[in-house]
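Below is one structure; the comments refer to it alone.
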Amino acid sequence: GVYDDNSISFLQYIRQLWCLRYGRFYGEDKFDYLLEKDITDFRQLVLVYRQHHKDESEIINRILYIGSMASKLPFSYEKVSVWQFFSDNPEYIDNGLKGVLEKNGYYDESEVISKTLFLLGLFPSITRNWEIQLYQYALGSNKAYQKLAQNIAEKLGLKIQYLFDGLCSGNKECRIVAAKWLGKLKYQPAVEPLYKSLKKEKDLTVKAVFLDALENIGEDISDFVTKHRLLSEAEDGLKKSISSALQQFPRQDIPDLYYQDKSQVPSELIFWWFVLAVKLKQPEGNNLLQRYSGLLDQERRKKTGSVT
């Protein structure tokens, strides 16, 4: 039978399993325990499979998909290094970034992409081609890939030009993500590119994100939030289509609100702030919307909450 103690080597153990069983043996805790004890480089394990004429794709697919979360491998990658194997065999990363796995039957494309992004973070550096794809996910609309890819990009050493290029993208979502990322980083050299992009930007939602990023970095944006300018933007924004849910919004219930100078705030401006919060996919608001509400009379500003 299979050895029951932990004194045997990984090679002895896996040979026993091959003799006694057919097919895969995932889920064997001892497999991973002895692997971590005797193997330091994943290429050693692949070599064992090749020397015994076994299908190495099983153990490779186990890393890329089977049985583990995006940020975890079946075994400790600190004890068994894997990046060297994928550096020698880049086709697995190439395919993984497309969600393609060399495996028959069902598999979740999104999980393959997520795991491949995580693997990129284990490299000391990555190729230009992989870098481009990493930032495409980091600046893309898929929230799960976006967060993971941004973390990996920062871990590898952020290439800030990709974010600057994102500010000029023809894709609205990309511009928003790039600006939010720069604002989160509080990256001072981003101030000039943000102002430049703000000047050219036509979309009011994107403009709001640019201003929010600038304020996060520490810029004084008071010139952009004057009463006249805000009302003008609100009138322009409300001329465009709004979500069906907001079309049913009880605008007549918006209370009378006043600026700190006691002049009345037009109700369409308050409604536009609600619309903007939804367009930003941040109904709870962000720093810029907090600044907008900060223009209101402090005693009466809380009334806006009763109609949301």
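Heavy-atom basis, side chains included; hydrogens, waters and symmetry copies ignored.
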inquiry  = Do Ile217 and Gln188 make a side-chain contact, defined as non-hydrogen atoms from C-beta onward lying under 4.5 Å apart?
reply    = yes
key: Atom pair CG (Leu134) and CD (Gln136), whose distance is rounded to the nearest 0.5 Å   = 9.5 Å
request  = May I ask you to decide if Lys159's main-chain N or O and Tyr135's side chain share a donor-acceptor pair within less than 3.5 Å?
outcome  = yes
query = Say you draw a straight line from CG of Leu45 to CG of Asp38; how long is it, rounded to the nearest 0.5 Å?
reply = 11.5 Å
task = Measure the shortest side-chain to side-chain distance between Val48 and Glu56 over non-hydrogen atoms and say whether it is less than 4.5 angstrom.
result = no
query = Does the pair Asp220 and Ser222 meet the rule for a side chain to side chain donor-acceptor pair (under 3.5 Å), with working shown?
reply = CA-CA 6 Å; Asp220 179 4; Ser222 55; 2.9 Å; yes
task = Show your reasoning for whether side chain to side chain contact (heavy atoms under 4.5 Å, CB included) applies to Ile63 and Phe42.
result = CA-CA 10 Å; Ile63 290 178; Phe42 186 70; 3.4 Å; yes
key: Any side-chain donor near an acceptor of the partner, Tyr49 and Glu58, under 3.5 Å   = no
inquiry  = I want to check something: taking the side chain as every heavy atom from C-beta on, are Tyr107 and Asn61 in contact at a cut-off of under 4.5 Å?
reply    = no
task = I would like to know whether Val278 and Ile242 meet side chain to side chain contact (heavy atoms under 4.5 Å, CB included); could you show each step before the answer?
result = CA-CA 9 Å; Val278 173; Ile242 60 176; over 6 Å; no
task = Could you tell me whether the side chain of Ile160 reaches within less than 4.5 Å of the side chain of Leu182, counting heavy atoms only?
result = yes
Validation row, ring centre Phe118 to ring centre Tyr77 under 6.0 Å = yes
Minimum heavy-atom distance Gln150-Val177, with the two atoms named = NE2-CG1, 3.5 Å
query = Is any side-chain heavy atom of Gln133 less than 4.5 Å from a side-chain heavy atom of Leu117?
reply = no
inquiry  = To the closest 0.5 Å, what do you measure between CG (Leu194) and CD (Glu219)?
reply    = 9.0 Å
message = Check whether Lys186 reaches the backbone of Gly218 with its side chain - one donor and one acceptor, N or O, closer than 3.5 Å.
response = no
message = Assess, by modelled atom type and distance only, whether the side chains of Asp88 and Gln84 contain a donor and an acceptor separated by less than 3.5 Å.
response = no
Shortest non-hydrogen contact from Asp223 toward Thr226 = O-CG2, 3.7 Å
task = Check whether any side-chain N or O of Ser87 sits under 3.5 Å from a backbone N or O of Trp83 as a donor-acceptor pair, and report yes or no.
result = no
request  = Start with the C-alpha gap between Gln44 and Leu47, add the side-chain angles, then the distance that decides, and say whether side chain to side chain contact (heavy atoms under 4.5 Å, CB included) holds.
outcome  = CA-CA 5 Å; Gln44 295 172 281; Leu47 181 59; 5.7 Å; no
Donor-acceptor pairs are to be reported for all side-chain atoms of residues 138-149 against protein atoms at under 3.5 Å, with residues two or more places apart or in another chain.
from: Asn142; atom 1: OD1; to: Ala144; atom 2: N; distance (Å): 3.1
from: Asn142; atom 1: OD1; to: Tyr145; atom 2: N; distance (Å): 3.0
from: Gln146; atom 1: NE2; to: Gly140; atom 2: O; distance (Å): 2.7

inquiry  = Is there a side chain to side chain contact (heavy atoms under 4.5 Å, CB included) between Asp165 and Gln161? Walk through the geometry before answering.
reply    = CA-CA 6 Å; Asp165 292 343; Gln161 188 59 47; 2.9 Å; yes
inquiry  = Restricting to non-hydrogen atoms, name the atom on Val112 and the atom on Thr116 that form the minimum distance, rounded to 0.1 Å.
reply    = O-OG1, 2.7 Å
key: Value rounded to 0.5 Å, distance of CD1 in Ile126 from CD1 in Ile93   = 9.5 Å
Validation row: Leu158, Leu163 side chains within 4.5 angstrom (heavy atoms) = yes
query = Salt bridge between Lys279 and Asp203, side-chain N to carboxylate O under 4.0 Å?
reply = no
note = When every non-hydrogen atom of Lys227 is compared with those of Ser263, the smallest separation belongs to NZ-OG, 3.1 Å
message = What's the separation between atom CZ in Phe224 and atom CG in Leu214, rounded to the nearest 0.5 Å?
response = 7.5 Å
request  = Could you check Asn171 against Ser169 for side chain to side chain donor-acceptor pair (under 3.5 Å), going step by step and ending with a plain yes or no?
outcome  = CA-CA 5 Å; Asn171 182 287; Ser169 170; 5.2 Å; no
request  = Sort out for me which residue in Arg175, Lys196, Lys172 forms a side chain to side chain contact (heavy atoms under 4.5 Å, CB included) with Glu201.
outcome  = Arg175
key: Close side-chain approach of Asn216 to Lys184, heavy-atom, < 4.5 Å   = no
query = Does a donor on one side chain and an acceptor on the other come within less than 3.5 Å for Asp55 and Ser57?
reply = yes
ask   = Does the gap between the ring centers of Phe10 and Phe31 come in under 6.0 Å?
value = yes
request  = Please check if the distance between the ring centroids of Phe86 and Phe123 is under 6.0 Å.
outcome  = no
query = Judged by atom type as modelled, is there a donor-acceptor pair below 3.5 Å linking the side chain of Ser232 to the main-chain atoms of His228?
reply = no
Under 3.5 Å, which donor-acceptor pairs link side chains of residues 264-277 to any protein atom two or more places apart or in another chain?
from: Gln264; atom 1: NE2; to: Asp256; atom 2: OD1; distance (Å): 3.3

Straight-line distance of Leu246 CG to Ser241 OG, nearest 0.5 Å = 11.0 Å
